[in-house]
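Numbered from 1 within each chain, the chains take letters A, B, ... in sequence-line order.
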Number of protein chains: 2
Amino acid sequence: MLTSHRRKLILDTLRKTGAIVAKDLSAELNISEDTIRRDLRELAAEGLLQRVHGGAMPSSPAMGNFAARLNVATDEKRIIGRAAAAMIRPNQVVILDGGTTAVQIARHLPSDLRATVVTHSPTIAVELVEHAGVEVILIGGKLFKHSVVAVGAPAIENIGRIRADTYFMGVTGIHAEAGLTTGDFEEAHVKRALSAAAAETIVLASSEKLNAVSPYVIAPISAVTGMIVTDQVKSKILAHFARLGITITRASASPKTKPA
Amino acid sequence: MLTSHRRKLILDTLRKTGAIVAKDLSAELNISEDTIRRDLRELAAEGLLQRVHGGAMPSSPAMGNFAARLNVATDEKRIIGRAAAAMIRPNQVVILDGGTTAVQIARHLPSDLRATVVTHSPTIAVELVEHAGVEVILIGGKLFKHSVVAVGAPAIENIGRIRADTYFMGVTGIHAEAGLTTGDFEEAHVKRALSAAAAETIVLASSEKLNAVSPYVIAPISAVTGMIVTDQVKSKILAHFARLGITITRASASPKTKPA
DNA sequence: CACGAAGTTGCACGATTATGCGTGAATGAG
DNA sequence: CTCATTCACGCATAATCGTGCAACTTCGTG
């Protein structure tokens, strides 16, 4: 029995049954519990599952803990979200991306703001229900569950009918040469379409995204008109981007943390 | 039985049935009441539920307004939702309406169901993220905030490209002569389009909707192929509908709470 | 082929965690 | 008020965990 084969089996079993019991599995495969537990430990280290006493449970990048991810937003994302929310002027039409940072924008919008928000994220749409003055345009399509956003041809087509003022884009990488990148092919297409539909594209750049590169290219760096970072980021890192004519907004923590 | 697996089960059961009885659950899972009580104590310490004498109730303190409404769904809606969920066969394409009853359908879907769900409700879409086997098609459009569903011409147009097996429709009135009615003009149009896109239209008819009439007509009663009511409803009231060839499903509260 | 490095596996040990039972206190119904 | 149920706590038992260690395989190198 190959190690990697066994690990694959563990993940498959987990997906099917929703739980792994170390003892049962060791009996079934005729290998010691130690080996199973070692596997579980390493798979957990890779974030592929979550260890619990007696076995493992799914950690599901795509599943349940999306809600959890929303609520454990880092301070950095909150700060960036607040800065982005402050940039929105009354009666503008803005596009909000999916992702945890964009949720923070929604949460920091003034409750009396009158504006139009376009989004392909049902999470954002639900978040904005309480904002009576905000008109929400929901982009439909096939739901990509990892990020909880609509993707696919119908989404692209509907985006093509919109002209917005500003698009607040979330990425997993922004790099002076590689441009804007993300981890999913479909999502990259949608982000490109959204960028094309807005006069300005502002990238929400929490520190780990700076100079990072992910597999799928959204657009060259020239598509970016602005980016928001925290004031913790060294100016040196931002120099490349500033030289390309990108407006850089440095967001700082207000003395009072004000979550919505 | 893994500890964390059991706790997850407790939370799921709580979400579905709205209450946990320690004694029943211990009997069902063949473990001591002590263990259940310990679980409840610790889950309560994490704020995930609220302890009461004999068991536990959902804790909905920090939840949003709309989220709160969802969790106070009446028993009647839960019962109807469960019956509707049970009608969905593997690999079917079903349309779920917006509204609190439809949310109950989503919550009662088996977690391993493989099917496609079409919806214009971002709430439903988010609810289904945890169902790995369910493909979600989100219908976009302008967000009508009262019901939290997408409406308008783009929604209608996108619906027109879909052919589904079954549409589970929520209404505010179902009446033998006045037909299906609801409280919003735009929403009525969308519901009509959804009905036209499905081979069968099944109305979720909680008791206060029966023989009620609202301002805007969705469709004549002939558009309905089935309806789901609770077994509390008098047969006399349903006679009109049965005579029109509508299949009536009488849902009852199960004597035994049977979590997956 | 010989050799060593790197990786994998099973076992032993003490430490940690989960479970069930007994006891007496607390709670809610009649 | 009375009584049955439910609860919380401590304790004993059993299961599970992490670590270190030795035996073994696989692979690359000379």
Annotated protein contacts, base or backbone, on nucleotides 3-12 of chain D with a non-hydrogen cut-off under 4.0 Å, one of B, S, - each: ---SBSB---
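Applying the salt bridge (Lys or Arg N to Asp or Glu O under 4.0 Å) test to A:Asp24 and every residue at least two apart in sequence or in another chain returns nothing. Looking at residues two or more places apart in sequence or on another chain, you find no salt bridge (Lys or Arg N to Asp or Glu O under 4.0 Å) involving A:Glu28. For B:Asn30, there are no side chain to side chain donor-acceptor pair (under 3.5 Å) partners, not counting sequence neighbours. Evaluation of the side chain to side chain donor-acceptor pair (under 3.5 Å) rule for B:Arg38 yields no partner, not counting sequence neighbours. By the side chain to side chain donor-acceptor pair (under 3.5 Å) test, B:Gln232 pairs with no residue at all, sequence neighbours left out. Every salt bridge (Lys or Arg N to Asp or Glu O under 4.0 Å) that A:Lys142 has, sequence neighbours left out, goes to B:Glu135. Take B:Arg6 and apply the side chain to side chain donor-acceptor pair (under 3.5 Å) test, not counting sequence neighbours, and it matches B:Asp39. Take A:His175 and apply the ring pair (Phe, Tyr, Trp, His ring centres under 6.0 Å) test, not counting sequence neighbours, and it matches no residue.
When the C1' atom of C:dT8 is taken as reference, atom CD1 of A:Ile36 falls 13 Å away, rounded to whole Å. Taking atom CD of residue A:Glu42 and atom C1' of nucleotide C:dT9, one finds them 12 Å apart after rounding to whole Å. In this structure, the CG atom of B:Leu2 is 9 Å from the P atom of D:dT16, given to the nearest Å.
Between A:Thr3 and C:dG7, a side-chain N or O to OP1/OP2 separation shorter than 4.0 Å is absent. Phosphate contact (OP1/OP2 of C:dG20, side-chain N/O of B:Thr35, threshold under 4.0 Å): present.
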Determine all donor-acceptor pairs shorter than 3.5 Å in which one atom belongs to a side chain in residues 85-96 of chain B; sequence neighbours excluded.
| from | atom 1 | to | atom 2 | distance (Å) |
| --- | --- | --- | --- | --- |
| B:Arg89 | NH2 | B:Ala86 | O | 2.9 |
| B:Gln92 | OE1 | B:Arg89 | N | 3.2 |

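A salt bridge does not link A:Glu130 to B:Lys145: none of the charged nitrogens lies less than 4.0 Å from a carboxylate oxygen.
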Under-3.5 Å N/O pairs linking protein and nucleotides 23-27 of chain D:
none

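Terminal axes of the helix from C:dC1-D:dG30 to C:dG30-D:dC1 (five pairs each, C1' rotation axis) are separated by 40°, to the nearest 10°.
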